[in-house]
Structure formats: C-alpha cells, structure tokens
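Chain naming here is simple, since letters A, B, ... match the order of the sequence lines and numbering starts at 1 in each.
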Amino acid sequence: MKTSSARSLVVLPVVTDDGIFTAHYSENGLAALDFPKMRRAGRDRLLASPSAVGSKIPAPIRGWHRLTEAVLKKALAGRVPKKLPPLDWSGKTDFQQSVWREMLKIPCGETRSYGQLAENIGKPAAVRAVGGACGANPVPVLVPCHRVLAAGGRLGGFSGGLNWKRRLLAREGIVL
DNA sequence: GTCACCTTAGAAG
DNA sequence: CTTCTAAGGTGAC
C-alpha cells in the first residue's frame, strides 16, 4: 500500500568533508538526502541556489536541518547517531518502510544480508525486493542501506556508487 | 504488458 | 570455479 505523499517544501545543502549533500524537507520531516553530485565543480552553484539561502525557512525545518547536519557528519565519521530528525516516508509503500525500519535497527559496525532482512520483516522470499527497497531508500547514510551486504559477506550493489558503500563501511571499521 | 533492479540457493558443466 | 534458473516488489515505459 502506498501512503499519500507530502510535497517537499525546502531544499537545503549539508556541507561535509565528503562533499555537499542535499536535504529535502516536507512539513513532516526529512524526506530525502542526496549524495554530493560532484566532487568539486558544483559547490558554488549549489551554495548559491536560491532555495538554499535567503528565504524564510519554517522554524521546525530549521531545527530538523540542524539535527540532520550533526547526525550526517557523525555518521560519516563512523559513529552512532544519537537521534535522527523525523523522517517523512509518505508516498512510499508499506513494504519499503518496513525494510527501512528494519535497517535502522542494524547497529553501527554490523552488517546484515538481504536475506536476513527479508526474514526479519516476515517475507523470507522477498530477497530481491529487499534489494529494490534498499535502492529506493531516500535517506542513505542515515538509513544505513550500506550495512546490507550480499550473502557470504560479498559487497552486493549500491545505487549511490559502490565506492560510497565501501567508504561508509570502512569508516565503521567493517572489513570485507 | 514488459523490463531492469543493491539477491540467493541450488543444480549442472 | 562459472553459468543457469526461478522466485518478489516496484517503478519506468
């Protein structure tokens, strides 16, 4: 089943040592987080974008964004985020949300396989669908899709680019 | 309707 | 080892 989707109200940059992420907020919370598009060239353009600076930003969103910045930097350093901003998963299916909720339970520094995740949500046959849900995760890094590996400790795939997956795992001290 | 996807256990060469 | 098969959920076309 698909819940009704909320419009994305505000788009804000999050500057980190790994590049500039882009956070999308709805009235209900953080709706999406994008990996940096470019390593160098896009910075100025992104920072200068009108939606990112200048206009009035609703107070709740300012608070969520402060949290997102802190939590993202902490996560990129391989540490455990204490608490997350509210995540707006409206518009996503129940199946996807259950997969993402399950991923949030994976402790920092540990991994699960797609198969284990499928079992934990009570759909042991939906292994490939779990892979699909991981790829559809709108909030990578914070919802740790990178901690999901293929069976036998193999890396598996990653829509954001396998080097990101390797890097995130390495930051948490996970070796393959 | 058809296809491509962050999968996987099993069977066969 | 490699290659093939079949099975789920979902969005793009």
Side-chain angles (χ1 to χ4, degrees), chain A residues 1-9 11 14 16 18-39 42 68 71-81 84-176:
Chain A
M1 188 208 289
K2 198 181 284 195
T3 55
S4 62
S5 72
R7 189 170 63 102
S8 172
L9 296 178
V11 180
V14 184
T16 77
D18 295 286
I20 300 179
F21 288 67
T22 309
H24 302 249
Y25 298 91
S26 73
E27 56 186 358
N28 299 316
L30 178 62
L33 183 66
D34 299 335
F35 281 111
K37 297 199 163 31
M38 314 163 212
R39 202 87 186 91
T68 300
V71 157
L72 178 59
K73 286 170 187 172
K74 195 168 274 196
L76 289 173
R79 279 173 291 144
V80 196
L84 297 176
L87 302 177
D88 183 0
W89 285 339
S90 57
K92 307 303 181 181
T93 66
D94 289 347
F95 176 84
Q96 290 170 328
Q97 295 188 33
S98 66
V99 172
W100 300 333
R101 272 193 300 273
E102 196 60 35
M103 284 194 295
L104 285 174
K105 295 183 193 168
I106 308 174
C108 188
E110 292 185 25
T111 63
R112 298 289 184 274
S113 71
Y114 296 97
Q116 285 172 345
L117 235 46
E119 279 184 33
N120 291 348
I121 63 173
K123 299 206 170 198
V127 189
R128 284 172 298 152
V130 167
C134 287
N137 171 20
V139 191
V141 186
L142 304 190
V143 177
C145 42
H146 58 280
R147 295 190 194 130
V148 187
L149 305 182
R154 286 185 317 281
L155 190 53
F158 199 68
S159 58
L162 278 178
N163 36 335
W164 269 109
K165 189 169 185 175
R166 275 188 279 262
R167 192 189 322 184
L168 291 168
L169 289 171
R171 297 269 172 86
E172 299 185 8
I174 295 168
V175 275
L176 308 174

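- Side chain of A:V127, nearest nucleotide from B:dT8, C:dT10, B:dC6: B:dT8.
- In this model, the phosphate group of B:dC6 is not approached by any side-chain N or O of A:K165 to a distance below 4.0 Å at OP1 or OP2.
- Computed from coordinates, the A:I121 CD1 to C:dG8 C1' distance equals 10 Å when rounded to whole Å.
- Here the side chain of A:K165 pairs a donor or acceptor atom with the backbone of A:V148 at under 3.5 angstrom.
- Nucleotide C:dA7 holds its C1' atom 14 Å from the NZ atom of A:K123, rounded to whole Å.
- In summary, A:R147 and A:E172 engage in a salt bridge, as defined by a charged side-chain N under 4.0 Å from a carboxylate O.
- When rounded to the nearest whole Å, the span between CD of A:Q96 and C1' of C:dG11 equals 9 Å.
- Atom P of nucleotide B:dT7 and atom CZ of A:F158 are separated by 13 Å, given to the nearest angstrom.
- Under the Watson-Crick and G-U wobble criteria, each requiring two contacts below 3.5 Å, nucleotide B:dC6 is left unpaired.
- Computed from coordinates, the A:Y114 OH to C:dG8 P distance equals 19 Å when rounded to whole Å.
- With both ends at atom P, the span from B:dC6 to C:dC13 equals 16 Å, rounded to whole Å.
- The distance between atom CE of A:M1 and atom C1' of C:dG9, rounded to the nearest whole Å, is 15 Å.
- Residue-level contact check: A:G135 touches the bases, meaning some heavy atom is under 4.0 Å from a base atom.
- Between A:M103 atom CE and B:dC6 atom C1' the separation is 10 Å, expressed in whole Å.
- Separating the CH2 atom in A:W164 from the CG atom in A:L169 is a distance of 12.5 Å, to the nearest 0.5 Å.
- Inter-residue side-chain proximity for A:F35 and A:S159 is flagged as unmet; no heavy-atom pair is nearer than 4.5 Å.
- The side chain of A:K2 places an N or O atom within less than 4.0 Å of a non-bridging phosphate oxygen (OP1 or OP2) of C:dG11.
- The interatomic distance linking A:R128 (CZ) with B:dA9 (P) rounds to 13 Å, in whole Å.
- Residue contacts for A:A129: at a heavy-atom cut-off of 4.0 Å it reaches a base atom on one of the strands shown.
- The side-chain heavy atoms of A:E102 and A:V130, taken from C-beta on, include no pair separated by under 4.5 Å.
- Taking only side-chain nitrogens and oxygens, A:T93 comes nearer than 4.0 Å to OP1 or OP2 of C:dT10.
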